[in-house]
Amino acid sequence: MNLGERVKKAIGVEGSFKETILPMIYYSCTNIFAGGAGYIIGLYFLPFLTEVENIDTNLAGLVVMFATVWDAVTDPAMGIITDRTHSRLGKHRKYLALGAPVLAASFIMLWCSFGISAKGNPTLTMLYYTLVYMLYKTAYTIIMVPHTAMLPEMAPDYSLRTQYVSVGYLFNSAGMVPSFLFVACIFGFVNMKNFSSDDRGRFMWSGVVLALFYAAGVLITFFKTKEKSSEHNEYPHFDKSYVFREYAQVFRNRSFRQYFVISLFYTMSTGFYNNTKYYLIRYVANKSSLYNLLTSVAGVAEASAFPFNYALTMKYGKKRCGTIVTPLMIAGLAIGLFVPETGGGAKSLITAVLLFLSMVLYPFGFSGIGFVTNNIFPDITDVDELITGRRREGVISTFSTLIKKSVSGVMSAFVGFILKGFGLVTGDAVAEYEKLNNTVYPQSAAGILGVRLCVAAIPLVLTAISLICLRRFNMTKNDHDMIRAAIATKKKYGSVKLTKEQITICEQISGQKFCDMWIGQNNESTFTDENGEKKEPVLEKDENGEYIIPDAPEENETKEVNVK
């Protein structure tokens with residue numbers, strides 16, 4: 001069995017390697033950027049600002065917060081733009097080529113102030129990094145909103161979407177692992193030294209290399225994927241209230257509201273944890289030399305969870321892996337409450353053991369609910385079409401990217417203000433003290449408490465809320481197939497007749513009365529089949545009891561529909 005066949009067997013797909021796996025690979029190349037850049041920024045950007053560029057934690061948090069406010073403006077705008085694009089390349093794909101050079105330039109600038117910070121003016125330095133981070137967020141939006149919006153069209157089937165998401169996870173790792181290993185080797189893999197202003201040059205060159213790496217992945221997706229032309233698409237009239245109506249209508253979708261709440265609390269939790277993890281290791285445990293090694297263990301733990309999550313999803317449905325492994329994430333967070341403060345001897349050994357245990361449990365558990373949210377997102381677009389009769393992937397994907405980016409950014413600001421308010425001291429003041437006294441800087445009890453609140457206590461509550469909401473989410477594969485069959489039938493024949501049970505499922509999943517939705521309007525009709533017989537457009541099942549999804553009618557094909 002060759003490599004291509006082995007890959008197909010591993011993720012459970014049928015068909016030729018060229019027609020099945022290659023499209024997934026090409027589409028997922030952009031995930032090299034999404035996974036790699038996000039991972040490096042999450043690991044090093046706040047420590048870079050506070051330890052290397054000497055910005056106070058509250059000002060560093062403001063850098064991220066202001067960029068997030070900008071993000072809140074650009075994401076919805078990009079969703080509208082991509083959904084209304086006329087192009088022979090399709091609605092979404094061309095924006096990847098436009099965003100790639102902006103991504104490369106802005107990512108380099110994130111790690112280099114070109115001498116501004118050396119002037120010793122923290123306000124000016126903060127302003128520079130705020131503007132640069134806003135530029136980077138713009139590049140991310142230009143690329144990731146259209147890229148996310150492409151998935152429902154490229155993978156219309158319920159299980160095929162899981163396979164695309166799974167390959168995407170692998171390519172997230174293909175971005176994360178080389179990026180991390182590259183940076184870790186520069187700063188010390190097993191024995192990383194504490195960051196200081198002397199590290200500016202190494203951060204800059206790391207940014208240059210990684211920027212080119214990420215831009216290349218985005219361009220591969222652009223050149224190697226295909227999308228239907230949208231040159232002749234017709235869109236609703238655009239006026240000043242159009243944007244408000246589009247996004248307000250999204251929240252009419254009950255499945256979307258559930259997805260939104262699950263993702264919101266989950267992302268808030270990971271935002272608090274990821275933005276504080278370095279400070280726990282550096283200032284509470286005094287184990288910064290192990291930072292890259294601990295991060296490696298966490299990466300291995302998260303990657304090892306993927307086969308488990310995939311198998312559970314394919315066998316039991318899309319939410320099962322989240323409900324099973326998320327408690328491990330909660331256990332990993334709880335350890336942060338008990339990691340001993342700086343000490344030697346046995347205490348130091350206990351501290352190291354607890355940190356490594358946390359770095360195994362947290363990412364393994366965190367991967368489950370993350371896998372769920374990525375998996376159920378494309379299905380939300382089909383429920384939206386059930387309600388509106390339109391494909392609005394851009395509008396829906398806006399909320400997916402907005403949650404992941406902006407909420408995490410707001411958490412960065414919260415973390416910065418909390419740590420500053422509790423009196424945590426960072427930067428060259430700590431480095432100079434430790435160099436002169438050859439001992440650990442004595443952080444206050446309040447400062448240590450602030451770190452524990454942000455890295456453990458608050459994320460515990462947020463994760464528990466997300467898990468409770470996840471347990472209440474219900475859309476099975478059979479439900480999704482029925483929805484797709486209903487949409488396809490109505491688009492083919494002009495109407496669809498559903499049973500009471502099917503209507504109830506549609507209402508429960510959408511949160512709307514059947515008669516108020518597009519799928520339930522103007523359904524009193526019959527059509528004439530190829531044998532000349534008049535029939536009602538009902539949903540049919542195959543010999544395995546699965547719904548048959550009617551083929552879309554050809555562009556010039558017309559069906560005789562008789563309205564009763």
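As the structure is a prediction and not an experimental result, all values here were calculated from the model. Both backbone and side-chain heavy atoms feed into the values below; hydrogens, waters and symmetry mates do not. Starting from 1, each residue takes its place in the sequence as its number.
For Cys29, the side-chain contact (heavy atoms from CB on, under 4.5 Å) partners at least two apart in sequence or on another chain are Phe171, Ile220, Thr221. Residues passing the ring-ring contact (aromatic ring centres under 6.0 Å, His included) test with Phe265: none are found, sequence neighbours excluded. Annotation: side-chain hydrogen bond (donor to acceptor under 3.5 Å, both in side chains) contacts of Asp382 (sequence neighbours excluded): Arg161, Arg391, His480. Qualifying side-chain contact (heavy atoms from CB on, under 4.5 Å) partners for Trp205, counting only residues two or more places apart in sequence or in other chains: Val208. In this structure, Tyr128 has no side-chain hydrogen bond (donor to acceptor under 3.5 Å, both in side chains) partners at least two apart in sequence or on a different chain. The side-chain contact (heavy atoms from CB on, under 4.5 Å) check on Ser304 picks up Phe364, with sequence neighbours excluded. Contacts of Ile503 classified as side-chain contact (heavy atoms from CB on, under 4.5 Å), with partners at least two apart in sequence or in another chain: Leu498, Glu507, Phe514. Ser179 pairs by the side-chain hydrogen bond (donor to acceptor under 3.5 Å, both in side chains) definition with Tyr214, not counting sequence neighbours. In this structure Phe213 satisfies the ring-ring contact (aromatic ring centres under 6.0 Å, His included) test with no other residue, sequence neighbours excluded. Applying the side-chain hydrogen bond (donor to acceptor under 3.5 Å, both in side chains) rule to Ser510 yields no partners; only residues at least two apart in sequence or on another chain are considered.
Listed for the Lys318 side chain is a donor-acceptor partner under 3.5 Å among the backbone atoms of Asn375. With hydrogens and angles disregarded, a donor-acceptor distance shorter than 3.5 Å links the side chain of Lys319 to the backbone of Arg471. For Asn544 (side chain) and Glu546 (main-chain N/O), no donor-acceptor pair under 3.5 Å exists by modelled atom type. Put simply, the side chain of Asp481 never gets that close to the backbone of Asn478: no donor and acceptor are under 3.5 Å apart. Between the side chain of Gln258 and the backbone N or O of Arg472, at least one donor-acceptor pair lies under 3.5 Å. Looking at Thr326, its side chain never comes within 3.5 Å of a backbone N or O of Thr323 through a donor-acceptor pair. A donor-acceptor distance shorter than 3.5 angstrom exists from the side chain of Gln512 to the backbone of Arg252, with no hydrogens or angles considered. Between the Arg93 side chain and the Phe222 main chain, a donor and an acceptor come within less than 3.5 Å of each other.
Between Arg390 and Asp83, no side-chain nitrogen of the basic residue sits less than 4.0 Å from a carboxylate oxygen of the acidic one, so the salt-bridge criterion is not met.
Taken from CG in Leu467 to CG in Leu462, the straight-line distance is 12.5 Å, to the nearest 0.5 Å. Remark: Leu539 CG to Thr499 OG1 distance equals 7.5 Å, nearest 0.5 Å. Separation of atoms CG (Leu127) and CZ (Phe66) is listed at 9.5 Å; rounding is to 0.5 Å. Atoms CE and NZ, from Met150 and Lys91 in turn, are 11.5 Å apart once rounded to the nearest 0.5 Å. To the nearest 0.5 Å, atom OG1 of residue Thr313 and atom CZ of residue Phe306 are 9.5 Å apart.
Within the structure, side chain to side chain donor-acceptor pair (under 3.5 Å) contacts touching residues 94-108 (residues at least two apart or in different chains) are Thr85-Tyr95.
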Practice prompt. Could you walk me through whether Asn309 and Ser367 pass side chain to side chain donor-acceptor pair (under 3.5 Å), step by step?
Written response: CA-CA 8 Å; Asn309 292 330; Ser367 69; 3.1 Å; yes
Worksheet entry | Stepwise side-chain contact (heavy atoms from CB on, under 4.5 Å) test for Trp70 and Thr138 | CA-CA 8 Å; Trp70 173 247; Thr138 302; 2.6 Å; yes
Practice prompt. Kindly determine whether Thr74 and Met134 satisfy side-chain contact (heavy atoms from CB on, under 4.5 Å), including the steps that lead there.
Written response: CA-CA 10 Å; Thr74 58; Met134 289 170 64; over 6 Å; no
Discussion item. Gln502 vs Tyr547, test: side-chain contact (heavy atoms from CB on, under 4.5 Å). Steps then yes/no.
Written reply: CA-CA 12 Å; Gln502 292 165 345; Tyr547 285 99; 3.2 Å; yes
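What you find for Ala100 and Val218 is that their closest heavy atoms are CB-CG1, 4.3 Å. The shortest heavy-atom contact between Pro146 and Thr82 is CB-OG1, 4.0 Å. Of all the heavy atoms in Met109 and Leu135, the pair that sits closest is SD-CD2, 4.4 Å. Closest of all the heavy-atom pairs between Ser206 and Phe182 is CA-CE2, 3.7 Å. Nearest heavy atoms, Gly207 versus Phe107: O-CD2, 3.6 Å. Contact record, Met329 with Ser269: CE-OG, 3.8 Å, taken as the closest heavy-atom pair.
Two residues are said to be in side-chain contact when any heavy atoms from C-beta on lie closer than 4.5 Å; Ile483 and Glu385 fail this criterion. Contact annotation: the side chain of Gln508 never approaches that of Asp479 to less than 4.5 Å [non-hydrogen atoms, C-beta and beyond]. Using a 4.5 Å heavy-atom cutoff, the side chains of Asn31 and His147 are in contact. With a 4.5 Å cut-off on side-chain heavy atoms, Phe366 and Glu302 count as touching. Put simply, the side chain of Val165 reaches to within 4.5 Å of the side chain of Leu151, judged on heavy atoms. Put simply, the side chain of Ser255 does not reach to within 4.5 Å of the side chain of Asp379, judged on heavy atoms. Looking at heavy atoms from C-beta onward, Lys490 lies in side-chain contact with Ile519 at the 4.5 angstrom threshold. Looking at Tyr27 and Lys224, their side chains never come closer than 4.5 Å, going by heavy atoms from C-beta outward.
Within a 6.0 Å sphere centred on CD of Glu540, other residues, nucleotides and ligands contribute 12 heavy atoms or fewer.
Considering Tyr129, Tyr44, Phe203 as possible partners of Trp111, the one that fulfils the ring pair (Phe, Tyr, Trp, His ring centres under 6.0 Å) test is Phe203.
A cation-pi arrangement is absent between Arg257 and Phe251 under the rule of less than 6.0 angstrom and at most 45 degrees off the ring axis.
In this structure, Tyr136 and Tyr133 have parallel ring planes: the angle between them is below the 30° cut-off, well short of the 60° mark.
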Distance-only donor-acceptor pairs under 3.5 Å for side chains of residues 32-42, two or more places apart:
none

